[in-house]
**Student:** 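Below: one structure in structure tokens.
Throughout, numbering of the chain's residues begins at 1 and tracks the sequence. The basis for the numbers below is simple: all heavy atoms, side chains too, and nothing from hydrogens, waters or symmetry mates.
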Amino acid sequence: VQLVESGGGLVQPGGSLKLSCVVFGRALSTTAVGWFRQAPGKEREFVAASTWSGRTTSYADSLRERFTISTDNAKNTVYLQMNDLKPDDTAVYYCNAGPTPSAVQRGGTYWGQGTQVTVSS
């Protein structure tokens, strides 16, 4: 199983960005997918998780109003739409996968290499 993220970059405060993560080699062990982030000097933190069907999702409470996770089964791709971005959202964003959304929220089994998001004017 391989996860490849893309879509990071530099964005101004208040702007939006959509991250993508393609999951190669999907299996029963990757029934759920999610996103984490790690800011400089901080621990990696959970952002959002979802089943591939999208029927079950979970979010970090502080981010659910601005971030949305979605999936495209046909493309084996999970997305993270981020709106009203703030400088505190600056971090490396990682995609991960696991057997259930709760397992993903605990860290999952597989990880991507990460994509940098920088929010700055």
Side-chain angles (χ1 to χ4, degrees):
V1 179
Q2 185 180 9
L3 287 70
V4 180
E5 302 100 332
S6 62
L10 174 64
V11 62
Q12 292 187 343
S16 297
L17 208 58
K18 188 172 186 178
L19 306 181
S20 301
C21 173
V22 180
V23 180
F24 297 95
R26 274 178 61 181
L28 290 177
S29 60
T30 56
T31 303
V33 286
W35 292 92
F36 276 68
R37 69 182 186 181
Q38 187 167 20
K42 295 186 178 181
E43 294 186 354
R44 193 172 295 189
E45 65 172 344
F46 170 72
V47 174
S50 175
T51 53
W52 277 107
S53 68
R55 283 194 287 268
T56 301
T57 60
S58 61
Y59 291 90
D61 288 340
S62 62
L63 299 175
R64 65 174 61 247
E65 295 297 323
R66 299 186 294 119
F67 289 14
T68 303
I69 188 171
S70 62
T71 58
D72 185 329
N73 268 291
K75 296 181 179 180
N76 291 334
T77 301
V78 55
Y79 303 99
L80 184 68
Q81 176 68 47
M82 306 183 293
N83 298 325
D84 189 23
L85 283 162
K86 307 176 187 304
D88 284 349
D89 294 318
T90 295
V92 177
Y93 284 73
Y94 297 90
C95 174
N96 71 331
T100 64
S102 59
V104 166
Q105 189 167 345
R106 292 192 301 269
T109 306
Y110 304 99
W111 289 86
Q113 81 288 350
T115 185
Q116 176 70 48
V117 172
T118 302
V119 184
S120 175
S121 56

**Student:** Taking atom types as modelled, find out whether Asp72 and Thr77 have a side-chain donor-acceptor pair closer than 3.5 angstrom.
**Tutor:**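 No.
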
**Student:** Going by distance alone, is a donor N or O of one side chain under 3.5 Å from an acceptor N or O of the other, for Asn76 and Arg26?
**Tutor:**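 Checked: Asn76/Arg26 side chains pair up, N/O donor to acceptor below 3.5 Å.
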
**Student:** In Å and rounded to the nearest 0.5 Å, what is the CD1 to CZ distance from Ile69 to Arg64?
**Tutor:**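 Atom-to-atom, Ile69:CD1 and Arg64:CZ are 12.0 Å apart.
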
**Student:** Where is the tightest heavy-atom contact between Leu19 and Gly8, given as atom of each residue plus distance?
**Tutor:**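 That would be CD2-N, 3.6 Å.
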
**Student:** Is a side-chain N or O of Thr57 found less than 3.5 angstrom from the main chain of Ala49, in a donor-acceptor match?
**Tutor:**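 Flag not set: sc Thr57 to bb Ala49 has no pair under 3.5 Å.
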
**Student:** What pair of heavy atoms forms the shortest contact from Arg37 to Glu45, and how long is it?
**Tutor:**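 Closest heavy-atom pair between Arg37 and Glu45: NE-OE2, 2.5 Å.
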
**Student:** Testing the basics here: between Ser50 and Thr71, what is the closest heavy-atom pair and its distance to 0.1 Å?
**Tutor:**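 Result for this residue pair: OG-CG2, 4.2 Å.
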
**Student:** Do the side chains of Val33 and Tyr59 join up, straight or via other hydrophobic residues, at under 4.5 Å, putting them in one cluster?
**Tutor:**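 The answer is yes; both residues are in one hydrophobic cluster.
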
**Student:** Say whether Ser102 and Thr100, considering side chains only, have a donor N or O and an acceptor N or O under 3.5 Å apart.
**Tutor:**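 Yes, side-chain donor-acceptor contact under 3.5 Å.
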
**Student:** Please answer whether the main-chain N or O of Trp52 pairs with a side-chain N or O of Asn73 as donor and acceptor at a distance below 3.5 Å.
**Tutor:**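 Looks like yes, one N/O pair under 3.5 Å.
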
**Student:** Look up atom OG in Ser58 and atom CZ in Phe46, then write down how far apart they are to the nearest 0.5 Å.
**Tutor:**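 One gets 3.5 Å once the value is rounded to the nearest 0.5 Å.
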
**Student:** Tell me, do Leu10 and Gln116 make a side-chain contact under 4.5 Å, heavy atoms counted?
**Tutor:**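 A side-chain contact is absent here, since even the closest heavy-atom pair is not under 4.5 Å.
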
**Student:** If you compare all heavy atoms of Ser16 against all heavy atoms of Asp84, which two are closest, and at what distance to 0.1 Å?
**Tutor:**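 Of all heavy-atom pairs spanning Ser16 and Asp84, the closest is OG-N, 4.2 Å.
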
**Student:** Side chain to side chain donor-acceptor pair (under 3.5 Å), that's the test. Do Thr118 and Ser120 meet it? Break it down for me.
**Tutor:** CA-CA 6 Å; Thr118 302; Ser120 175; over 6 Å; no

**Student:** Grab the two heavy atoms, one from Leu80 and one from Ala48, that are nearest each other, plus how far apart they are.
**Tutor:**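 Looking at all heavy atoms of both residues, the shortest contact is CD1-CB, 4.5 Å.
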
**Student:** Go through it in stages, so that I can follow the logic: the residues are Val47 and Phe67, the test is side-chain contact (heavy atoms from CB on, under 4.5 Å), and I'd like the CA-CA distance, side-chain angles, deciding distance and then a yes or no.
**Tutor:** CA-CA 8 Å; Val47 174; Phe67 289 14; 3.6 Å; yes

**Student:** For the atom pair CE (Met82) and OH (Tyr93), what is the distance rounded to the nearest 0.5 Å?
**Tutor:**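 If I round to the nearest 0.5 Å, the distance is 5.0 Å.
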
**Student:** Spell out, yes or no, whether Trp111 and Val23 are grouped together once hydrophobic residues are joined by side-chain heavy atoms under 4.5 Å, including indirect joins.
**Tutor:**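 They do not share one cluster, since no chain of ILVMFWY contacts under 4.5 Å joins Trp111 to Val23.
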
**Student:** Is there a path from Leu63 to Trp35 through hydrophobic residues (I, L, V, M, F, W, Y) whose side chains come within less than 4.5 Å of each other?
**Tutor:**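 Leu63 and Trp35: one cluster.
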
**Student:** Report yes or no: is the cationic atom of Arg44 (NZ for Lys, CZ for Arg) under 6.0 Å from the centre of the six-membered ring of Tyr94, at an angle within 45° of the ring normal?
**Tutor:**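 So Arg44 does make the cation-pi contact.
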
**Student:** Do you know which two heavy atoms are closest between Thr31 and Pro99, and how far apart they sit?
**Tutor:**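 In this case the closest contact between Thr31 and Pro99 is CB-O, 3.3 Å.
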
**Student:** Give, for atom OG1 of Thr68 and atom CG of Asn83, the distance between the pair rounded to the nearest 0.5 Å.
**Tutor:**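 Here the interatomic distance stands at 6.5 Å.
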
**Student:** Got a sec, which pairs hit side-chain hydrogen bond (donor to acceptor under 3.5 Å, both in side chains) with one end in residues 1-14, sequence neighbours left out?
**Tutor:**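 For residues 1-14: Glu5-Gln113.
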
**Student:** For a side-chain contact (heavy atoms from CB on, under 4.5 Å) check, start with the C-alpha distance between Val117 and Asp89, then their side-chain angles and the critical distance, and finish with the verdict.
**Tutor:** CA-CA 8 Å; Val117 172; Asp89 294 318; 5.6 Å; no

**Student:** Between Tyr110 and Thr30, is a side-chain contact (heavy atoms from CB on, under 4.5 Å) present by the stated rule, with each step listed?
**Tutor:** CA-CA 8 Å; Tyr110 304 99; Thr30 56; 3.5 Å; yes

**Student:** Between CD of Gln81 and CZ of Arg66, what distance do you get to the nearest 0.5 Å?
**Tutor:**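 Spacing of CD (Gln81) from CZ (Arg66) equals 12.0 Å.
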
